[in-house]
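Chain letters run A, B, ... following the sequence lines, proteins first and then strands; every chain starts at 1.
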Amino acid sequence: MATFQSLPGFREFYPESLARRNHMFRLWRQTATAFGFAEYDAPVLEPLDLYRAKSGDEIEAQLFSFVDKGGREVALRPEMTPTVCRMVGAKANALKRPIKWFSVAEYYRYERAQKGRERAFFQFNADLFGEPGPEAEIELIALLVQCLRAFGLGEEDFFVRLSDRNLWFFYLEALGLDDVRIRAMLSAIDKFEKLGEDAFKSYIEQFGPLDEGIKAKVLAFLEIKTLADLEQRLGSIAGEKLAARLADWRKLLGGLEAMGLGRFVEVDLGVVRGLAYYTGFVFEAFDRKGELRAIAGGGRYNDLVAKLGGPDLPAVGFAIGDVTLGLLLEARGLMPQLVQASDIYCVVGGEAERKAAFADINALRAAGFRTEYPLKDVAFGKQFKLAADSGAKLALIYGADELAKSTVKIRDLANRSEMEVPRDQVLATVRDFFAGE
RNA sequence: GCGGCCAUAGCUCAGUUGGUUAGAGCACAAGAUUGUGGAUCUUGGGGUCGCGGGUUCAAAUCCCGUUGGCCGCCCCA
């Protein structure tokens, strides 16, 4: 038992788990690149004020923050959004629109670790700046869906819940609620699933009694499951803002439908997303069985770039975490067993044969073939077992017989066939073999 | 930050009402096996029983504290 343990919520990645992590990173990068997003990176340590400015003082309790030796208040980044807003804001005028960026990075939050939640975790982050219309949401939700489908997850495994803070705002406004009550209502709606209908009804009266008719209308709004439902509910309510919003909804869902992704997206106005700075569409991805916490979340944040000192720049973004997605992939058997398989295993007889093998081993490795050999003398029989264990496709046999003839025996470990080639043709023969694979 | 359950080998676990030197399977290593395969058999290494204190002639076992894990609450950017 180790005297020194790793800190709570911080994971150590042994080769097998690092391979799984890299598997995720690889598919995320591949997918984002295919969507035309460019990768960037940024500092792990930031001024504490960056997060205070974005999320308020309460955020500090959830941060790994401290005073550095220069007396600066700093924090390990808990998310990428403020950083990327600063970066984009600083060069907004020089960047081609739309700005489509992504990153894969580690984040740190001082929270109690739970299933699906660690104190240090990785996120895939994608953001699109400079496009105010729902075209941006189409692009991002399509990317989100594809980032999950790339692992082999299907519509039976996950779905995206789509909501809209603007729609709520305009709707509640049309129902006659003032600004303060609208905000209270949004926070209540966020808790609706947990509270249940009765607790919800009393919760929303914390700023005073509320007309039963309004309560009923809010609850009915939460029932909405499709665009047709939404159009029907809003049909009786006049208002330019609501009409424009409805047009955006049609465009967004129509676009996703046209991409063939309609079956992955559900209208669910119960999604409001926390304290957030979100200003329009918001969305979250969940596993279908509802066993895990959110796989991904995001939305529009049109005010944040300006709030952090940049120009007015509309933006939409989302993040996928590695922890919950990892759990889902494990549960669905979609996390491949990524063993480090060799290409070639060299079976060596003794010291003289080893020296002969070394020259070839180095040449094979320089040519990019993953080549292994026993570091110390091992019985021949055991070496073939080691060769099989290594996952190598070929065994190169350097024995006394071969050395005498200046040849090497090459064994195809899959079909157990063997051939003998002159030493100077080993590399060429191996190249041919792997080229033909 | 709050509450519940848990902690024995790298992993999964056994360990009787407190009683000799804490065990098994898997994994790892060596041998059987000096030229051909994921097998088998034999052997071996590996433990401050999470850590600290207490009760006792005697503690893996009982008590207290602490650290860590899992689950839930708060939060979830």
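Remark: P of rC28(B) and CD of Glu16(A) are 12 Å apart, rounded to the nearest angstrom. Phe384(A) places its CZ atom 15 Å from the C1' atom of rG38(B), with the value rounded to the nearest Å. When the P atom of rG35(B) is taken as reference, atom CG of Leu413(A) falls 18 Å away, rounded to whole Å. Taking atom CZ of Phe64(A) as the reference point, atom P of rA77(B) lies 18 Å away to the nearest angstrom. At whole-Å resolution of the value, CD in Glu111(A) and C1' in rA77(B) are 9 Å apart. rG37(B) atom C1' lies 17 Å from atom CD of Glu372(A), rounded to whole Å. Atom CD1 of Ile397(A) and atom C1' of rG37(B) are 11 Å apart (whole Å).
Contact annotation: side chain of Arg112(A) to base of rG3(B), donor-acceptor pair absent below 3.5 Å. Judged by distance alone with a 3.5 Å cut-off, a donor-acceptor contact links the side chain of Glu418(A) to the base of rU36(B). The base of rU36(B) sits within donor-acceptor range of the side chain of Lys409(A), with an N or O pair under 3.5 Å.
The gap from the C1' atom of rG46(B) to that of rC5(B) amounts to 30 Å, rounded to the nearest Å. Separation of the P atoms belonging to rG45(B) and rG23(B) is 13 Å when rounded to the nearest angstrom. Distance noted for atom C1' between rC63(B) and rG18(B): 13 Å (whole Å). Going from the C1' atom of rC2(B) to that of rU12(B) covers 33 Å, rounded to whole Å. Spacing of P atoms, rA9(B) relative to rA22(B), comes out at 14 Å, to the nearest Å. Remark: the separation of the P atoms in rG10(B) and rC6(B) is 23 Å, to the nearest Å. Rounded to whole Å, the separation between the C1' atoms of rA59(B) and rU17(B) comes to 14 Å. For rC62(B) and rU8(B), the P atoms lie 14 Å apart once the distance is rounded to whole Å.
The side-chain tip of Arg245(A) points at the ring of Phe281(A) from less than 6.0 angstrom away and within 45° of straight on. Cation-pi geometry between Arg354(A) and Tyr373(A) is not met at under 6.0 angstrom from the ring centre and within 45 degrees of the axis. Within the cation-pi definition used here (under 6.0 Å to the ring centroid, within 45° of the axis), Arg21(A) qualifies as a partner of Phe122(A). Both the sub-6.0 Å distance and the 45° axial angle are not jointly satisfied by Arg77(A) relative to the ring of Tyr108(A).
Residue Glu353(A) is classed as having no contact, given no heavy-atom separation below 4.0 Å to the nucleic acid.
Partner assigned to rC5(B) is rG69(B), using Watson-Crick or G-U wobble distances below 3.5 angstrom. When both pairing distances are held under 3.5 Å, rG44(B) makes a Watson-Crick or G-U pair with rC28(B).
Note that the CG atom of Leu128(A) and the CZ atom of Phe35(A) stand 12.0 Å from one another [nearest 0.5 Å].
Using modelled atom types and a 3.5 Å distance limit, the side chains of Glu12(A) and Ser6(A) yield no donor-acceptor pair.
Residue Lys115(A) has its side chain nearest to rC71(B) when only rC75(B), rA39(B), rC71(B) are considered. Among the nucleotides rG1(B), rA77(B), rU36(B), the one closest to the side chain of Arg411(A) is rU36(B).
When the nearest nucleotides of RNA chain B are assigned to Arg109(A) and Asp389(A) by heavy-atom distance, the more 5′-ward of the two goes with Asp389(A). Where Ser390(A) and Phe380(A) each meet RNA chain B at their nearest nucleotide, the meeting point lying more 5' is that of Phe380(A).
Phosphate contact (OP1/OP2 of rG37(B), side-chain N/O of Arg416(A), threshold under 4.0 Å): absent. One finds no side-chain N or O of Lys382(A) lying less than 4.0 angstrom from the OP1 or OP2 phosphate oxygen of rG37(B).
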